[in-house]
Amino acid sequence: MTDLQLQLQHPVHQFSRSSFDEAAMRPSKHRTLPSTIVIKLGTSSIVHEETHQPLLSILSSVVETVIHLRSLGHKVVLVSSGAIGVGLRTMAIPQRPKSLSKKQALSAIGQGRLIALWDNLFGQFDQRTAQILLTRGDISERTRYLNAVNTIRELLSMGVVPIVNENDTISVSEIKFGDNDTLSAITSSMIHADYLFLLTDVDGLYTANPRKDPTARKINVVTSVADIRAQVSTSTLGSSLGTGGMETKLIAAEIATGAGVTTVITSSKRPSTIVDIIDYYTQLRFRSAPSSGTASPMPKLQTIDLDQVNATLNLRRPPHTVFKPSAVPMRDLKAWTSHTLYPAGGVIIDSGAYAVLSRRESGGRLLPVGVLGVQGSFASGQAVRILVRTMPEGLSEKPADPREPEDGPASLSRSSSSSSLVDDLGSDTQTIMDNDDHATEAEESDGWEVKEVGRGLANYNSVQISRVKGLKSARIPYVLGYADTEYVVENITIREVAVSHPELAQSVAERLGVSITPSMPTKFSNGEINVKIAESIREEDVFIIQSGCRDANDNLMELLILISACKTASARRITAVIPSFPYARMDKKDESRAPITAKLVANMLAVAGCDHVITMDLHASQIQGFFDIPVDNLFSEPLMISYIKTRIEEWKDSIIVSPDAGGAKRVTAIADKLGVEFALIHKKRDSKSKNAPERMELLVGDVQDKVAILVDDMIDTGNTLRLAVRTLHEKGAKTIYALISHGLFAEADMDALQNLPLEHIVVTNTIPQRLHKARCPKLITIDITSTISESIRRTHNGESISLLFGELADGRSLEMAD
């Protein structure tokens, strides 16, 4: 009798077909909706953590549950970890090794025995199974991805239960994926599953570890993974056998819900709860359906208020945590590759390589000649950031070429020495397992900046890429001793936008969990602008983030051309997100023959094809009337109020000051919400000449011995601010702050502003402030990413924007920009 047969006769669980047949013959209490279900079982649920003995009681219960689900008309895919755990048992090794090669060897030993164990258990019910081994390359390369999708779908149509696992023998991804949690999420999105069940050792998501913290509270419903991260503790790293923990469950939930899959965390000790959970949500959907006589579509789970419906029906809720799926699922695999495949390090490239990668014909593959260096430690096959090194604005001196070898030609001969080759052969394991920061960092040359422009999958580890950087591909086998491929990084997705404010666009995209569609603005020799969109946007809801900063004319023209390109590319709707509206100061005819340029900009946006505009703190609210399309004018006022309450200790003894009469409405609104007084300053010239000196007079309010808070919508030259601060200082203000929405600082003397008698100049990041902050340490930036991203989310989902001006705005937490 074989060892496997002995294991199956273990008396831990009475595994009989008759017991299941009896349960399966019981009539279902409620109607069922045939669904596609993915069940993920971790290593700690498959083998014992210390003895590595297979946990047959759990495994057999999972099998019974799968058979029961299939009898109800559901299609089931099983994602199983445990190959290394079974390998440990087979080889009598007491603990998980640290060496990558040993892990892969144990996986090769355990994988066959694991699938034989599953096949034997399912064979008790004459249920056929199929083994599917995937690597990260299979789900990031389009053709192989589609082949995997078609294979799984065909198996399901044949009545087979696919058992999916990562091909640990040739992949390092299992070490980072976290007990295949991410793999199960990707599998569920591949086949458009209805449910993903993550079976773990607790019955849901808790605010802390319930075994150690008695005050831990279970969270029943999660609508946003990003929002829930701040409420729960994810410090657990999983079992000694597995590599995951609750953090990997959140990552998996984020991927799956983004693809429209309802994700559930529940206990692996009672797999039959899966049937109860599906039945529970089926009842909620049936009961939430319209009761009209006409046939109505079944409501989707994401549209149902679960707590309210359950309270009405008084149904027993099985123990679990549910993550509600996204109302608008992601459509493209690249969105996952670009944003949810968390990078382990970075590869720094030069501007020439970046230009090549930005072209579709590059195929997203990077040659070593374009590499300047690496950041962090990573193994081959892991995701990496693609970083480009650029020169910051305002610096004219060209740094030395970072690719210039420090030791001349001798460095190449040392790289090909036998000792270096031996060190390199072991570096792949050491890079991942020891987590040492020994990978070669690109030297920081004075004046250089590094920014992320994309992500890809490394074909070599960080040490190897560092050694072949700047070399032709033909040199790879001479330096490394082998060459699997001439490309150091593949499957690269470049994500770059118009150049006005890429930092804000990137922050908004990351908060929303989407990728930025590559658009490449270029200039011809005569100054004409050309913009190309690198991906299809047909029938997509497009949001273009472009602020009126730096070169306002080029940015405006670039925005108009990009809107027109999206229109001709058959975009469903085009929204221009303009945090700082250009030409907003030219909103009226204040003298003879003066243009109303703000109206002209509104007309150009509409003619270009814009359907909707989102902006912030318009210079004058009447500008909204210039448009014939919807305009949402967001306010930074709630963020300003939050700053005052949290960062100014004596704010209750403050007075809100407007530097001109035009800002009276703005300051009175803030003063009323704070319950403090306000003051107005009037600026006038000593004569009618435009060159006459200006002075200010305090018209309303008393600032003597008070904290004066200047509030304005825009600062450009800084002259008004200097005059206002001087006036307040002369009138006896105890402390002075300046809170301004848009910090243009186009012609401002930052050194002079730094020397003003005020505590801080607070602006928002509607305009990039990094260079300004370097010259004026008093400058503080409030991050508007949360406001912009929430307005985009609500616009896309058809939700009300007005909540951003009410209670939701008042309760928004304050975030500071770098």
Q: Answer yes or no: is there a donor N or O on one side and an acceptor on the other, between the side chain of Lys778 and the main chain of Leu758, under 3.5 Å?
A: yes
Q) Does the distance from a Lys or Arg side-chain N to an Asp or Glu carboxylate O, for Arg572 and Asp611, drop under 4.0 Å? A) no
Q | side chain to side chain contact (heavy atoms under 4.5 Å, CB included) evaluation trace for Gln622 with Asp587 | A | CA-CA 8 Å; Gln622 65 264 25; Asp587 60 339; 3.5 Å; yes
(Q) Does atom CG (Asp751) have a neighbourhood of more than 12 heavy atoms from anything else shown, all under 6.0 Å? (A) yes
Q.
With a 3.5 Å distance limit and no angle check, can you tell me whether Asp660 reaches the backbone of Gly663 through a side-chain donor-acceptor pair?
A. yes
(Q) Other residues, nucleotides and ligands only: do more than 12 of their heavy atoms fall within 6.0 Å of NZ on Lys734? (A) yes
Q) Roughly how far apart are Ser786 OG and Leu639 CG, rounded to 0.5 Å? A) 6.0 Å
Q: Indicate yes or no for a side-chain donor-acceptor contact from Ser789 to the backbone of Leu512 under 3.5 Å, with no hydrogens or angles considered.
A: no
Q | pair Gln375-Ile348: side-chain heavy atoms closer than 4.5 Å | A | yes
Q. Among side-chain atoms of Asp632 and His612, is any donor-acceptor pair under 3.5 angstrom?
A. yes
(Q) When you compare the side chain of Ile740 with that of Val711, does any pair of heavy atoms fall below 4.5 Å? (A) no
Q: For Lys599, look at atom NZ and say whether over 12 heavy atoms of other residues, nucleotides or ligands are found less than 6.0 Å away.
A: yes
Q: Return yes when atom CE of Met557 has more than 12 non-hydrogen atoms of other residues, nucleotides or ligands closer than 6.0 Å, and no otherwise.
A: no
Q) Tell me, do Val657 and Ile709 make a side-chain contact under 4.5 Å, heavy atoms counted? A) no
**Q.** Reference residue Ile761; test side-chain contact (heavy atoms from CB on, under 4.5 Å); the match among Leu739, Ile780, Leu721
**A.** Leu721
Q) Residues in ring-ring contact (aromatic ring centres under 6.0 Å, His included) with His772, at least two apart? A) Phe745
**Q.** No-hydrogen, no-angle side-chain donor-acceptor test under 3.5 Å, Ser636 and Asp617
**A.** yes
Q.
With ring pair (Phe, Tyr, Trp, His ring centres under 6.0 Å) as the rule and sequence neighbours excluded, what pairs involving residues 708-739 come up?
A. none
Q: Report yes or no: does Ser547 contribute a side-chain atom to a donor-acceptor pair with the main-chain N or O of Thr766 at less than 3.5 Å?
A: yes
Q: Report yes or no: does Asn555 contribute a side-chain atom to a donor-acceptor pair with the main-chain N or O of Gly548 at less than 3.5 Å?
A: no
Q. When you check the gap from the basic side-chain N to the acidic O, do Lys706 and Glu650 get nearer than 4.0 Å?
A. no
Q) Salt-bridged, Arg722 to Asp749, with N to O below 4.0 Å? A) no
Q) Charged N to carboxylate O below 4.0 Å: is that the case for Arg666 and Glu637? A) no
Q. Are side-chain heavy atoms of Tyr643 and Ile782 found at a separation under 4.5 Å?
A. yes
Q: Quickly, which of Leu634, Ile784, Thr615 forms a side-chain contact (heavy atoms from CB on, under 4.5 Å) with Ser791? Name it, please.
A: Leu634
Q) Does atom CD of Glu677 have more than 12 heavy-atom neighbours, drawn from other residues, nucleotides or ligands, at distances under 6.0 Å? A) no
Q. Salt bridge check: are Arg794 and Glu790 linked by an N-O gap of less than 4.0 Å?
A. yes
Q.
Closer than 4.0 angstrom, basic N to acidic O: yes or no for Arg511 and Asp783?
A. no
(Q) Within the 4.5 Å heavy-atom criterion, are His742 and His619 side-chain neighbours or not? (A) no
Q | Any donor-acceptor pair under 3.5 Å from Ser642 side chain to Pro638 backbone | A | no
